[in-house]
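Data block below; observations after.
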Amino acid sequence: MTDASTPLIIVGGGASPAGGSVRADEDLLDGLNPQQREAVVYRGPALLIVAGAGSGKTSVLTRRVASLLRTKDAWPSQILAITFTNKAAGEMRERVGQLIGDRAQGMWISTFHSACVRILRREAQQFGFTKSFTIYDSGDSRALLKRLVKEHEADAYGITPAGAQSRISKLKNELADAESYARSANMNDPAERVFVDVFSDYQRELQRANAFDFDDLIGQVVYLFRAFPHVADTYRRRFRHILVDEYQDTNHAQYALIHELTQPVSGGGAAPFESGGMMIFEPEPATDAEGPASLTVVGDSDQSIYAFRGADIRNITEFERDYPGAKVVLLEQNYRSTQNILSAANAVIGNNFDRKDKKLWTDVGEGEKIIGFTGYSQHDEAQFVADEIEKLHREGVDYSQVAVFYRTNSQSRALEEIFIRAALPYKIMGGTKFYERAEIKDALAYLIAVSNPADEMALRRIINRPRRGIGDVTIEAISRYAANEQITFRDALANSSALGVGPKIQAAIAHLDAVLAEATEIMLPATGELPPPTAVADGLQLLLGKSGYTDALRASKDAQDEARVENLDELVAVAREFARNNPEGTVVDFLAEVQLVSDADDLEDASGSVSLMTMHTAKGLEYDAVFVTGVEEDLIPHRISAGEPGGPQEERRLFYVGITRARKRLHLSLAMTRAQFGEISVAMPSRFLQEIPAELIQWRQSPGDVNSRGGMQSRALNARRPGGPSAAKRYGDDLVPKSTSIERFANRIPAKVRDNGDMQLASGDRIRHDDFGEGRVDAVTGEGAKRVAHVRFDSAGPKKLLIKIAPIEKL
DNA sequence: CTAGACAGTCTTTTT
DNA sequence: GACTGTCTAG
């Protein structure tokens, strides 16, 4: 993250960074309630802050850190703060910086994964890795497993790559390895034997490739600490104050990591700690460095939504047992939402039985009612969302203060289609992530081929990209040659003439080898001198250029390839940005940073755009207006989780997380039919909807208004429906076009984008829209492909339309 | 070895 | 409906 560019704003009337007043942290307590104050100032071995949604937890956590520094209870370098996302880490760093100045620099504020990467970089040599190891994301792991499943013919036993991946991940989160699993498994079962083989081969391949997968990053650090107590002691001496946010979502491995770090130092005396001849920490005065570190955890068991990836809610519910004498502080006052929203949230979560009852409350008043809407299809629903956002916008709500949530990523498409047409600025968080695009993975694989030549997977990925005429046969030949000569796959490329392949292919291999060698020279000079900061970007550009990768894309006639070139330019820009922020950063550091970015990290601040994201991604965020969409059975709760133990409860917590993100306005919407798998199916309102007291919801169009089909009400779909005056105006029958029906709505949006690029429209023109009927153009704004028509439809009211793609014709 | 066509599988959420 | 893997023809 942007370590070097933390703005330095000192609030509180220019408090001296060094402190010096009698009560150095007095100003940190301004505006806090008694419980929050307690959470900031408590000093002791263990503190559990139970922080309900919107209870000011982030503020408390940052002030606690600032307070520890101000009162000199800790040096910056003695603090380890773990957050859930890199973005949260960046924000925390910034806010602490604002409170205490640039002394915040020495702290470790990061995610579990980033912290572990830092530790592993320093200690990798201890156990058979090098510091230039690569990190396999889930796609990389799956690719490797796919190969292994095939090799072992494990599919005959019903083992799929995805299935193996999730089992392995679960086991690793429990700190099991293939060996320990084999001891407990029924090895008479051939399927189990094969799985164990795949698992252990997988681990062997990772080691051979000098790589860790996501789960290893945590698990291997725990292993390291347990196997090498003197290494663990190094970190125990260093980190005297450990703080963990979102503790309810930690899994067993993460729990064990924290547990290891909070043990007393095992070895005697303060041995000088060195690692690979390198002094790793700046010396700091030792203060009580032998006892266990103090631990602060913050969490809310009602917001635990990651059990599916091993999060264990017991980590928080049993905290007091694990850390006897722990102080517990409860934060129940909510500073975020109106009472109506909180009442709905309380009512929903109250249906989870095995929870400690706690009720959020606020003193800001009831606020607006929750608005409900039922559409015929997901497009109808999306249109409601778009119209409603426009209305809010006209009332003065900034787009950036509006968010739309959904359960599954695939639901974003319908929303996106409508938003584009409505010329509504939006930003999708997550979805197909930038770093998961094929061209980006390719580019990164080129970098990995340079930074970690042991990583055969990366090489296999790029060996025929762009097409060089190297297929399976040639790859097999290289692989066999490497095995015979006892050299790596990478080194085999340097001996292309010895491979016994045709001259054309020989030349192609030699060329690739030369390009990789040249890039290596730039990024990792053999002389040992430090490469210039621009080396990564330059090397990347060289790789993409001389390998012919960009040229191949440019030569392609596929329109998508144009966008791919732009994405690659973007990646180069990211590398240059990285160089600015980390002048000493190497290609290895760059890759690590890139591999660990997450959905929620999308730094580009979404100012001026509506945010779209899954409810999982929404955790920890808040918005003035929130739309929770797709509130249907089989979606939330999701069909797959309905049958799993604890599934519905976790889904309920997820829904709870979604609705508690809203400050002032909450909208719940659903559709009667939803296209999934290319088929249209009937959707039922979610059970969670019934858990909200009816008087809290004002329905613009309730499920009862719509599900006339086959029901008692014989109302046709285009018959008059109840609703407030404005609702009737927008959604009454005369504005949903006559032709509207389930069948029509379902396929309303053509898959392909139409192009009215050259349509000339001016204020005063009459147009006809496929869905909204006839209307008059009020104004045209924007340029080129982004021209927007502001239209007042005769029946549907005012709308904004993106002229290029709107289904309109000029009359 | 590549390109194109077809069939089968799937999507829950993520560091 | 989108994507992957597999097959066939050049």
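Since this is a predicted model, take the numbers as computed values, not measurements.
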The side chain of [X] lies closest to which of these nucleotides: [options]?
X	options	value
A:Lys150	C:dA2, B:dT13, C:dT6	C:dT6
A:His638	B:dT12, B:dT14, B:dC1	B:dT12
A:Thr617	B:dT12, B:dT15, B:dT14	B:dT14
A:Arg309	B:dT13, B:dT15, B:dT12	B:dT15
A:Arg413	C:dA2, B:dT15, B:dT13	C:dA2
A:Val473	B:dT15, C:dA2, B:dC1	B:dC1
A:Tyr306	B:dT14, B:dT15, B:dT13	B:dT14

In this structure, how many angstroms lie between the [atom2] atom of [N] and the [atom1] atom of [X], rounded?
X	N	atom1	atom2	answer
A:Lys619	B:dT15	NZ	C1'	11 Å
A:His616	B:dT13	NE2	C1'	4 Å
A:Gln676	B:dT11	CD	P	13 Å
A:Glu436	C:dT4	CD	P	12 Å
A:Asp155	C:dT6	CG	P	10 Å
A:Arg407	B:dT13	CZ	C1'	4 Å
A:Gln411	B:dT12	CD	C1'	10 Å
A:Gln595	B:dT14	CD	P	18 Å

Presence of [X] side-chain N/O under 4.0 Å of [N] phosphate oxygens OP1/OP2:
X	N	value
A:Asn409	B:dT12	no
A:Asn251	B:dT15	no
A:Asn173	B:dT15	no
A:Lys146	C:dG5	yes
A:Ser138	B:dT15	no
A:Thr474	B:dC1	yes
A:Ser410	B:dT12	no

Among A:Phe405, A:Phe84, A:Phe308, A:Tyr406, the one residue meeting ring-ring contact (aromatic ring centres under 6.0 Å, His included) with A:His616: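 For A:His616, the ring-ring contact (aromatic ring centres under 6.0 Å, His included) check succeeds only for A:Phe308.
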Within 6.0 angstrom of A:His152 NE2, more than 12 heavy atoms from elsewhere: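 Result for NE2/A:His152: enclosed.
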Flag if over 12 foreign heavy atoms under 6.0 Å of OH, A:Tyr223: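 Incorrect, the count does not exceed 12.
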Earlier contact from the 5' end, DNA chain B, for A:Glu650 and A:Arg467: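 Looking at the nearest nucleotide for each, A:Arg467 comes out on the 5' side.
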Toward the 5' end of DNA chain B, by each residue's nearest nucleotide, A:Ile475 or A:Ile640: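 Taking each residue's closest nucleotide, the earlier one in sequence belongs to A:Ile475.
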Sequence-distant partners of A:Arg309, salt bridge (Lys or Arg N to Asp or Glu O under 4.0 Å), two or more places apart: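 Result, salt bridge (Lys or Arg N to Asp or Glu O under 4.0 Å) vs A:Arg309: none returned.
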Among A:Arg564, A:Arg465, A:Arg461, salt bridge (charged side-chain N to carboxylate O under 4.0 Å, His left out) partner for A:Glu439: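 Exactly one option meets the salt bridge (charged side-chain N to carboxylate O under 4.0 Å, His left out) with A:Glu439, and it is A:Arg564.
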Over-ring placement of A:Arg167 relative to A:Phe199, 6.0 Å and 45° cut-offs: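 The answer is no; the distance or angle limit is not met.
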A:Val348 vs A:Arg652 side-chain heavy atoms within contact, under 4.5 Å: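 Touching, per the 4.5 Å side-chain cut-off.
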Sugar-phosphate, base or nothing in reach of A:Asp137, heavy atoms under 4.0 Å: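 No contact.
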Polar pair under 3.5 Å, donor/acceptor by atom type, side chain A:His113, base B:dT15: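 Answer yes: a donor N or O sits under 3.5 Å from an acceptor.
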Same-atom distance (P) from B:dT13 to C:dT4, integer angstrom: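 B:dT13 and C:dT4 have their P atoms separated by 16 Å.
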Pair partner, B:dC6 [Watson-Crick or wobble, under 3.5 Å]: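 Checking every strand shown, B:dC6 finds its partner in C:dG5, with both distances under 3.5 Å.
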